[in-house]
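The analysis underlying the following values was restricted to heavy atoms, covering all of them including side chains, and did not include hydrogens, waters or symmetry mates. Here the structure is a predicted model, which is why all the values come from computation and not from measurement. Proteins get letters first, then strands, A, B, ... in listed order; numbering begins at 1 in each.
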Number of protein chains: 2
Amino acid sequence: MSGNSRLCVAVHVLTWMALDRRDPAAVATSQRIAVSVNTNPVVIRRCLGQLREAGLVQSRRGAGAGWSLAREPESITLLDVYLAVGDDEPLFALHHSPPSQSCPVGFGIQPALRQVFGRLDEAVRRELATTTIADMLLDVLARQP
Amino acid sequence: MSGNSRLCVAVHVLTWMALDRRDPAAVATSQRIAVSVNTNPVVIRRCLGQLREAGLVQSRRGAGAGWSLAREPESITLLDVYLAVGDDEPLFALHHSPPSQSCPVGFGIQPALRQVFGRLDEAVRRELATTTIADMLLDVLARQP
DNA sequence: CTGAATGTAACCGTAACTGTTACGACTGAC
DNA sequence: GTCAGTCGTAACAGTTACGGTTACATTCAG
């Protein structure tokens, strides 16, 4: 069980919403979504809260409330989702306690690593930007038995 | 403090060894390396153990023992290091508990995500393969005050 | 033999995440 | 206005992983 699965859950939720909204009578509640993701509604609400802050979904409160996509699935890339749920946490971490500044390697290694890790992050983002929620939905539907 | 910093420490260690071996009289011990990384010698030994399993370094036991690079710094890429210290843990995790298989999205989302995550991993590896320990050492030395 | 270093196992404290319960806030339906 | 259903959020428990530390057996040059 490695790290966090927020990106996974967020993509699942958005893909589910993209499919569900094809039924005009359907109302997307955290309860219904939680059944598909097989988790707790609060986990879904936490996730959707982050997606709302990023402007990807909207919520309505009160009776008959629920969630809806704020943008077309074709316009939501996985990079948008990644940025929405990622807490600025870098993909690879630097040293816990800073290395010895009196050692040449200890002095220069962190800037050098930051540059490398920056390129890694950039590569990941480029790749994430190539897929949209609409692509995911198509892919998911093509895999039905 | 996000996730693990093993790749960071491993690159630091190897870069340090690449510099240290320029002095023929120097002996690379986990104690000396730990001073530069600013951590415990056991942490360094654990890291070097993984690097040895991958054939990147060698160890000598007994009195006057220590560590040495098993390959030229120019031939060790950061991908080699990543593969050596990475415990098969994927960069992005799938669901903790499998999603509902009776929901179309829950059924197809995991294979779809696996494909996407595979492309992400591939992008990271491609980028890691472009830098060697020798490159890191040059970069580090260029940053000295 | 002696000392210095590796190789490991064991344990602790911390941090993060998921899952869960609980409860207040909001709002459409009646 | 009341009610019921949902969001919003705080709080807590359980699990996991990691870094750090101590301890000790193992190995080997001198």
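- A distance of 12.5 Å separates CG of Leu19(A) from CD1 of Ile133(A), quoted to the nearest 0.5 Å.
- Close to dG19(C), at under 4.0 Å from its OP1 or OP2, lies a side-chain N or O of Ser97(B).
- Comparing atom distances between the Ala65(A) side chain and each of dG8(D), dG20(D), dT6(D) picks out dT6(D) as nearest.
- Listed by first and then second residue, the side chain to side chain donor-acceptor pair (under 3.5 Å) pairs involving residues 53-65 of chain A are Arg52(A)-Ser59(A) (not counting sequence neighbours).
- Minimum interatomic distance between Arg32(B) and Ala26(B) (heavy atoms only, all atoms of both residues): NH1-CB, 4.0 Å.
- Counting any heavy atom pair closer than 4.0 Å across all strands shown, Arg52(A) reaches sugar-phosphate atoms only and no base atom.
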Thr15(B)/His12(B) under side-chain contact (heavy atoms from CB on, under 4.5 Å): CA gap, chis, key distance, verdict: CA-CA 5 Å; Thr15(B) 306; His12(B) 184 152; 5.9 Å; no
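- Between the CD atom of Gln50(B) and the P atom of dT6(C) there is a distance of 16 Å, given to the nearest Å.
- Proximity of Ser5(B) to the phosphate of dG19(D): a side-chain N or O atom is located under 4.0 Å from OP1 or OP2.
- A salt bridge is absent between Arg125(B) and Glu127(A): the closest approach of a Lys/Arg side-chain nitrogen to an acidic carboxylate oxygen does not fall below 4.0 angstrom.
- Per the geometry, NE2 belonging to His96(A) stands 10 Å off C1' belonging to dG20(D), to the nearest Å.
- Look at CG on Asn4(A): it is 14 Å from P on dA17(D), rounded to the nearest Å.
- The side chain of Ser59(A) lies closest to dG8(D), out of dG19(C), dC18(D), dG8(D).
- The base of dG19(C) sits within donor-acceptor range of the side chain of Arg46(A), with an N or O pair under 3.5 Å.
- Listed by chain and residue number, nothing satisfies the side-chain hydrogen bond (donor to acceptor under 3.5 Å, both in side chains) test with Glu74(A) (two or more places apart in sequence, or in another chain).
- Annotated stems with DNA chain C as a participant read C:1-30 with D:1-30, given as range with range, by first number; only runs of 3 or more Watson-Crick or G-U pairs under 3.5 Å qualify.
- Relative to the side chain of Thr29(B), the nucleotides dT6(C), dG20(D), dC7(D) differ in distance, and dT6(C) lies closest.
- The stretch residues 37-45 of chain B touches DNA chain C through Val42(B), Arg45(B), each having a heavy atom within less than 4.0 Å of the strand.
- If you run side chain to side chain contact (heavy atoms under 4.5 Å, CB included) between Leu69(B) and each of Leu56(B), Val57(B), Leu51(B), Asp20(B), only Val57(B) comes through.
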Trace of the side-chain contact (heavy atoms from CB on, under 4.5 Å) decision for Ser30(A) with Arg45(A): CA-CA 6 Å; Ser30(A) 60; Arg45(A) 289 204 287 269; 3.1 Å; yes
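- Here the C1' atom of nucleotide dA4(C) and the CH2 atom of Trp67(B) are 15 Å apart, to the nearest Å.
- Within the structure, no pair that satisfies the ring-ring contact (aromatic ring centres under 6.0 Å, His included) test touches residues 14-37 of chain B, not counting sequence neighbours.
- Remark: Ala34(B) pairs with Pro41(B), Ile44(B) by the side chain to side chain contact (heavy atoms under 4.5 Å, CB included) rule, at least two apart or across chains.
- With sequence neighbours left out, the side-chain hydrogen bond (donor to acceptor under 3.5 Å, both in side chains) criterion links Ser97(A) to no other residue.
- Within the structure, side chain to side chain donor-acceptor pair (under 3.5 Å) contacts touching residues 132-145 of chain B (residues at least two apart or in different chains) are Gln115(A)-Arg143(B), Thr132(B)-Asp135(B), Asp139(B)-Arg143(B).
- Partners of Thr29(A) according to the side-chain hydrogen bond (donor to acceptor under 3.5 Å, both in side chains) rule, which considers only residues two or more places apart in sequence or in another chain, do not exist here.
- DNA chain C is contacted by no residue of residues 12-27 of chain A, taking any non-hydrogen atom closer than 4.0 Å.
- Counting only residues at least two apart or in different chains, ring-ring contact (aromatic ring centres under 6.0 Å, His included) contacts with residues 116-145 of chain A comprise Phe92(A)-Phe117(A).
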Short heteroatom pairs, N/O only, protein and nucleotides 28-30 of chain D, under 3.5 Å:
from    : atom 1 : to       : atom 2 : distance (Å)
dC28(D) : O2     : Ala63(B) : N      : 3.1

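- Distance Leu48(A) CG to dT6(D) P: 15 Å, rounded to the nearest Å.
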